[in-house]
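In what follows, a structure is listed as structure tokens, so that the remarks can point back to it.
Basis for what follows: all heavy atoms, side chains included, without hydrogens, waters or symmetry-related copies.
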Amino acid sequence: MARLAQTPGLTDVQQEIVSTVRDFVDKEIIPVATELEHRDEYPQRIVDGLKELGLFGLMIPEEYGGLGESLLTYALCVEEIARGWMSVSGIINTHFIVAYMLKQHGTQEQKDYFLPKMAAGEIRGAFSMSEPSLGSDVSAITSKAVKDGDEYVLTGQKMWLTNGGTSSLVAVLVRTDEGHPEGTPPHRSMTTFLVEKEPGFGEVRPGLTIPGKIEKMGYKGVDTTELIMDGLRVPADRVLGGTTGRGFYHMMDGVEVGRVNVAARGCGVALRAFELGVQYAQQRHTFGKPIAQHQAIQFKLAEMATKVEAAHSMMVNAARKKDSGQRNDLEAGMAKYLAAEYCKEVVEDAFRIHGGYGFSKEYEIERLYREAPMLLIGEGTAEIQKMIIGRRLLEEYRIQR
């Protein structure tokens, strides 16, 4: 086992789970990832293998058929999967966030119905906040739900839906102004609906259309889509938690753990970039010796390894904080920010070490170079993370007058 990105204090069970996932990544993901990514092909065989390993139910409680593991265990597994191919970790992450929101905030009936099927991978989750014109400003959501008897009628357009086509359950955040007095802050008049649908594209249920995959620079294989609601009828018992007006808080709780996940992805991609860089540096010769023996390359490798180690440590700290039951938005924001930035830098250094060959699609680093930028914006941009971090620091260090 390599020395970098080790995690002290793991139980025997945690070590066994992470080791199993690492072996799966080495044997089943890394050998085929670049070829599938270049074809933008959904990795069905890989997903089936992860389902057999129980990864879709990793954090779902045992009473619902899951493994009942911690966020730390999950994050370490995500780190390993992203090391193989970041797109696969995205397929897992959106499912995990919906399952987490259900576990934390769902009614008992919702938990009993959805969680066992999600643990088995029979129901696959996706979640939807963003819209075409709002970016990070969630309070500007215009999609809405209007009560009509025992149902709600949903209308609006959502954007950047990971797993939009392959999922069968989407947690959708919309406005529900009814029942909230005029002047209520926007975040207190939002509701999360649990929308069931058929996998696929086109009209996947009456009033709900998934137009098709959005073409992307990287992060291929996984389907990223729009979601269009036009008179979509959803039963009132599919309001997450059974009460309207709590959707913003449900989503922010989910995104908070999602940021730990994105940090773990950054750690995994950076670790793989370092592995590729240090291997290539020992194989490539210039001026009569391997380039690894040139001081300039050794400096790069030293910087890359230090960044990998620092990001991993912060990610582990954020996960452990959440597992302890404490508020972790500061730690999660820091981990996501640092891991994403360091990932970009480590990948670029590995790209530079490869020289002209890094520009060739025959080399794995070319794929990583296109994937890393997604982490800079996923689950909130660097600027959003800095806002969160700054506000929390001012809370913690407020001057007492």
Side-chain angles (χ1 to χ4, degrees), residues 2 22 24-47 49-50 78-93 160 162-163 165-166 212-225 262 264-286 290-292 294 296-297 300-301 303-305 307-308 339-378:
R22 183 183 301 119
F24 180 86
V25 168
D26 288 338
K27 295 174 183 176
E28 304 295 336
I29 298 183
I30 289 178
V32 300
T34 296
E35 180 183 352
L36 292 175
E37 197 270 351
H38 286 167
R39 296 203 303 257
D40 198 7
E41 181 177 325
Y42 187 79
Q44 189 60 57
R45 286 187 60 185
I46 293 173
V47 171
L50 293 175
V78 167
E79 182 180 35
E80 294 294 342
I81 293 169
R83 174 179 153 267
W85 184 12
M86 192 180 73
S87 293
V88 179
S89 64
I91 293 170
I92 296 286
N93 181 44
W160 306 118
T162 301
N163 280 345
T166 49
K213 288 168 53 172
I214 297 170
E215 295 296 327
K216 308 183 295 287
M217 174 179 74
Y219 198 43
K220 295 177 180 285
V222 60
D223 46 293
T224 305
T225 73
V262 173
R265 288 197 239 180
C267 293
V269 174
L271 178 58
R272 183 59 181 165
F274 171 80
E275 291 173 349
L276 294 172
V278 75
Q279 290 169 10
Y280 185 83
Q282 296 172 78
Q283 296 165 352
R284 173 70 167 168
H285 286 67
T286 62
I291 63 172
H294 295 293
I297 299 299
K300 277 195 185 300
L301 293 174
E303 292 168 1
M304 293 161 67
K307 289 172 181 177
V308 167
E341 296 293 333
Y342 276 0
C343 176
K344 172 184 70 75
E345 294 170 10
V346 171
V347 167
E348 182 170 335
D349 280 342
F351 178 84
R352 290 173 184 269
I353 288 172
H354 280 75
Y357 289 103
F359 210 62
S360 168
K361 287 196 171 186
E362 294 181 19
Y363 282 74
E364 189 178 341
I365 191 63
E366 181 270 344
R367 169 171 61 82
L368 271 59
Y369 194 78
R370 289 183 289 103
E371 289 178 339
M374 197 285 290
L375 297 171
L376 299 173
I377 54 176

Go through the steps to decide whether Val269 and Val347 satisfy the test side chain to side chain contact (heavy atoms under 4.5 Å, CB included), and finish with yes or no. CA-CA 8 Å; Val269 174; Val347 167; 3.9 Å; yes

One pair to check against side chain to side chain contact (heavy atoms under 4.5 Å, CB included): Met374 and Arg265. What are the steps and the verdict? CA-CA 10 Å; Met374 197 285 290; Arg265 288 197 239 180; 3.6 Å; yes

Any chance you could lay out the side chain to side chain contact (heavy atoms under 4.5 Å, CB included) test for Leu301 and Phe274, step after step, and finish with the verdict? CA-CA 7 Å; Leu301 293 174; Phe274 171 80; 4.3 Å; yes

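Residues passing the side-chain contact (heavy atoms from CB on, under 4.5 Å) test with Pro373, sequence neighbours excluded: Met217. The side-chain contact (heavy atoms from CB on, under 4.5 Å) search around Phe24 returns Glu28, Ile29, Ile46, Leu50, Leu53, not counting sequence neighbours.
Remark: Glu37 CD to Lys361 NZ distance equals 7.5 Å, nearest 0.5 Å. Distance NZ/Lys300 to CD1/Ile291: 10.5 Å, rounded to 0.5 Å. One finds the CG atom of Leu36 at 12.0 Å from the OH atom of Tyr42 (value rounded to the nearest 0.5 Å). One distance of note links CD of Gln282 with CD1 of Ile297; it measures 12.0 Å at 0.5 Å rounding. Summarising the geometry, atom OG1 belonging to Thr162 is positioned 13.0 Å from atom CD1 belonging to Ile92; distances are rounded to the nearest 0.5 Å.
Side-chain contact check for His354 versus Glu366: every heavy-atom pair is 4.5 Å or farther apart. In this structure, Ile365 and Tyr280 have side chains that are not in contact, with every pair of non-hydrogen atoms separated by 4.5 Å or more. Looking only at side-chain heavy atoms (C-beta outward), Asp40 and Glu215 come within less than 4.5 Å of each other.
The backbone N or O of Ala340 lies less than 3.5 Å from no partner atom in the side chain of Lys344, so there is not a single donor-acceptor pair. Judged purely by atom type and a 3.5 angstrom limit, Ser87 uses its side chain to pair as donor or acceptor with the backbone of Lys220.
Sorted by first and then second residue, the salt bridge (charged side-chain N to carboxylate O under 4.0 Å, His left out) pairs involving residues 268-277 (not counting sequence neighbours) are Arg83-Glu275, Arg272-Glu275, Arg272-Glu364.
Relative ring orientation between Tyr357 and Tyr363 is described as tilted, the plane-to-plane angle lying within the 30° to 60° band.
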